[in-house]
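In this text the structure is predicted, and so the values were computed from the model without any measurement. Residue numbers start from 1 in every chain, and the chains themselves are labelled A, B, ... in the order their sequence lines are given, proteins ahead of strands. Computation of the quantities below employed the complete heavy-atom set of this structure, encompassing side-chain atoms and omitting hydrogens, waters and symmetry-equivalent molecules.
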Number of protein chains: 2
Amino acid sequence: MSRSEPTVRDVAERAGVSSATVSRVMNDAPNVDKQLARRVREAVKATGYVPNAAGRSLRARSSSQIAVLIPDADNPYFSQVVSEVEPAARSAGYSVMLCHTGNEPDQEQTYLDQIVARRMAGVIAIPSDESWSGLTPLTEANIPVVLVDRRLPDVEVDRIATDNMDAGRQAAVHLRDKGFRRPACITGPETLTTTEDRLLGFSHAWSTSAGGAPALYRGDLHFDSGFTAMTEILDDGDIDCVFVTNNRMSAGAFQAIRGLPNPPALLATDDDIWTRLVTPSVSVIQQPIRDTGRLAAQMLIDRIAAPNEMPRTTLLSSKVIERESTAGGPPSRG
Amino acid sequence: MSRSEPTVRDVAERAGVSSATVSRVMNDAPNVDKQLARRVREAVKATGYVPNAAGRSLRARSSSQIAVLIPDADNPYFSQVVSEVEPAARSAGYSVMLCHTGNEPDQEQTYLDQIVARRMAGVIAIPSDESWSGLTPLTEANIPVVLVDRRLPDVEVDRIATDNMDAGRQAAVHLRDKGFRRPACITGPETLTTTEDRLLGFSHAWSTSAGGAPALYRGDLHFDSGFTAMTEILDDGDIDCVFVTNNRMSAGAFQAIRGLPNPPALLATDDDIWTRLVTPSVSVIQQPIRDTGRLAAQMLIDRIAAPNEMPRTTLLSSKVIERESTAGGPPSRG
DNA sequence: CCCCCGGAAGTAAACGATTTCTCCCACCAG
DNA sequence: CTGGTGGGAGAAATCGTTTACTTCCGGGGG
């Protein structure tokens, strides 16, 4: 029923050559007779030979897989990054192992062990927080790492991210230009550099250009905390515009003002599909997610080729997309 | 600088035992002296030994990875399936390789080669259409496959999917019970079993219970074609309710009626975030996506353990979630 | 004419973990 | 006292590929 898979020796025998020659043909080595090469290729076809990746990887002491470590595959930001990394990696001859840590340390540890055990060619990681300890085992095993989106203190490693400070600045400029005067910011925990940088950029730009500081509401990045924060803002009164620094809290915040007659202006983060469908449509800071994924893969591939060069950081800029939720200016003069 | 990784022999030497014993300890084999086992474990810690997956996989003639083949990681349906498969697989000791075919045959072929080359333990596949040829190389290599969501003709293989005919029937019942009388259906190409089954269930239930056939509009599953179809429906007039059979066309269809005073009722597919945020909120057929992913993984793991049993098909039922877009009944009698 | 060089192909030794086979020993029953 | 039994551990073969080393050519220069 199930014969065992053909090996390089079976092919060699059928082509009347040695296994070394077969290997040379498979790897396009120079100095192989055209005639023989053709015979080998025919034998490969005839036997249906597919090189065993384990054997190859054992001999080569590395594999042609890269790992992508993400906290949560459901979040469209992460899944878009993944779907851009994948084709870029494949066209360079790598395949992608998806590691979905769910923000849980033991799950992450399992994957880190796997990555080392498989001698993966490299890792693209979105760490869960700034105390991320996963980097050490990887660097010790000489596995190149590219960080996406989040910054770690005291480490020298390749990184690609949105210029979050600048994104916050753009948000402030947009809201001020539209005539709003009493801003609030719904943001994440202080330990998360992504949202914290956006807050810092926003606050700094606001205080230097308009004066004063935005009211501050912190959530846990999820939908519900965005809803709760916006509800508090409505209760507190006196706020005429709200900047939300991540995608899910943006949706939650919108839910809280849905259908209200005179809601505060809303500037959300990430251009998800819902922002165009709701009424009023929602202005957003659009991050260059697709570029991020593509360039992360490129960066990793470059790093694998040149392990000893200096680490780089690439920052990509975002832009404001204006829609109805900030178009109107403040509701009234008072 | 970079010493080479410790091997089983290094550990053996340090613990004063043979490599065989180390292997036995690592794999929890019975009949190992407690004392020795402890010494081995200490040596493992001290050396930082991590078993080389390639060596193990070569000897075992199989790997502990499963592959998930999806057409498009961006689609929330697929990414949710993946994010459920992953933890279920991991807790059974498998890791997940993500294969993102982008509906392109050559990309898919690359991955199929990889899957065979790596002797993967199994594959969860969402084929792009009913002429999917990827199954053959896998079954020839004795790699178990579980199909998700889509049906293939003439193959006997494990499958898990939503009961799409029943979903269509539920849609018809809901719209008829709400008092609508002139339905349209926006659906996908005839070759896609998923959307076709929903259409069939819808049409059949409608004709037997209310009489007549729904007006038919076909799209290519993407946002724009949903928008176009709904625009045509509005032009054609005479339609009082619309059932859309996939998630992205649902969003496009909503876009076309956004803000209109008396739009036809809309019943969408998949409970995406936007359906609750828009005005009017949108009634949906909710598929059990999370169960689908979890059970697909379970099914594959069972199959790996028992390769020779008969293939099974599991159908999961969906349910209608009623919101504002179908709540009102038909706009007027005249 | 001889030597050396270089291209082409084969031989065999790695890579690292597992596992069969074998050996040793202690213990127990006859 | 002896033969059998079974647990515990080591030696060595094995998985399939790649590659350093060898071998065998033929040809060109001294």
Whole angstrom value for the distance that separates [atom2] of [N] from [atom1] of [X]:
X: B/R61; N: D/dG16; atom1: CZ; atom2: C1'; answer: 9 Å
X: B/L36; N: D/dG7; atom1: CG; atom2: P; answer: 17 Å
X: B/R119; N: C/dA17; atom1: CZ; atom2: P; answer: 20 Å
X: B/D10; N: C/dA17; atom1: CG; atom2: C1'; answer: 13 Å
X: B/R56; N: D/dG16; atom1: CZ; atom2: P; answer: 18 Å
X: B/R39; N: D/dA9; atom1: CZ; atom2: C1'; answer: 12 Å
X: B/L58; N: D/dC15; atom1: CG; atom2: C1'; answer: 4 Å

With respect to the phosphate group of [N], does any side-chain polar atom (N or O) of [X] fall under 4.0 Å of OP1 or OP2?
X: B/N52; N: C/dC15; value: no
X: A/Y49; N: D/dG16; value: no
X: A/N31; N: C/dA8; value: yes
X: A/T7; N: D/dG16; value: no

Judged by modelled atom types alone, do [X] and [Y] share a side-chain donor-acceptor pair under 3.5 Å?
X: A/Q107; Y: A/T101; result: no
X: A/Q298; Y: A/R294; result: no
X: A/T47; Y: A/D10; result: no
X: B/R290; Y: B/Q80; result: yes

Considering only heavy atoms and no angle criterion, is a donor-acceptor pair shorter than 3.5 Å present between the side chain of [X] and the base of [N]?
X: A/R24; N: C/dG10; answer: yes
X: A/R9; N: D/dT17; answer: yes
X: B/R59; N: D/dG16; answer: no

Response to the item:
By nearest-nucleotide position on DNA chain D, the 5'-leaning member of B/D33 and B/G55 is B/D33
Item to complete: Please figure out whether A/T21 or B/P30 has its closest DNA chain D nucleotide nearer the 5' end.
Response: B/P30
Item to complete: Tell me what A/V22 touches on the nucleic acid: a base, only sugar-phosphate, or nothing, going by heavy atoms under 4.0 Å.
Response: nothing
Discussion item. Are there over 12 heavy-atom neighbours, none belonging to A/E13, within less than 6.0 Å of that residue's CD?
Written reply: no
Fill in: B/S18 side chain, from C-beta outward: closest of C/dT18, D/dG10, D/dT18
D/dG10
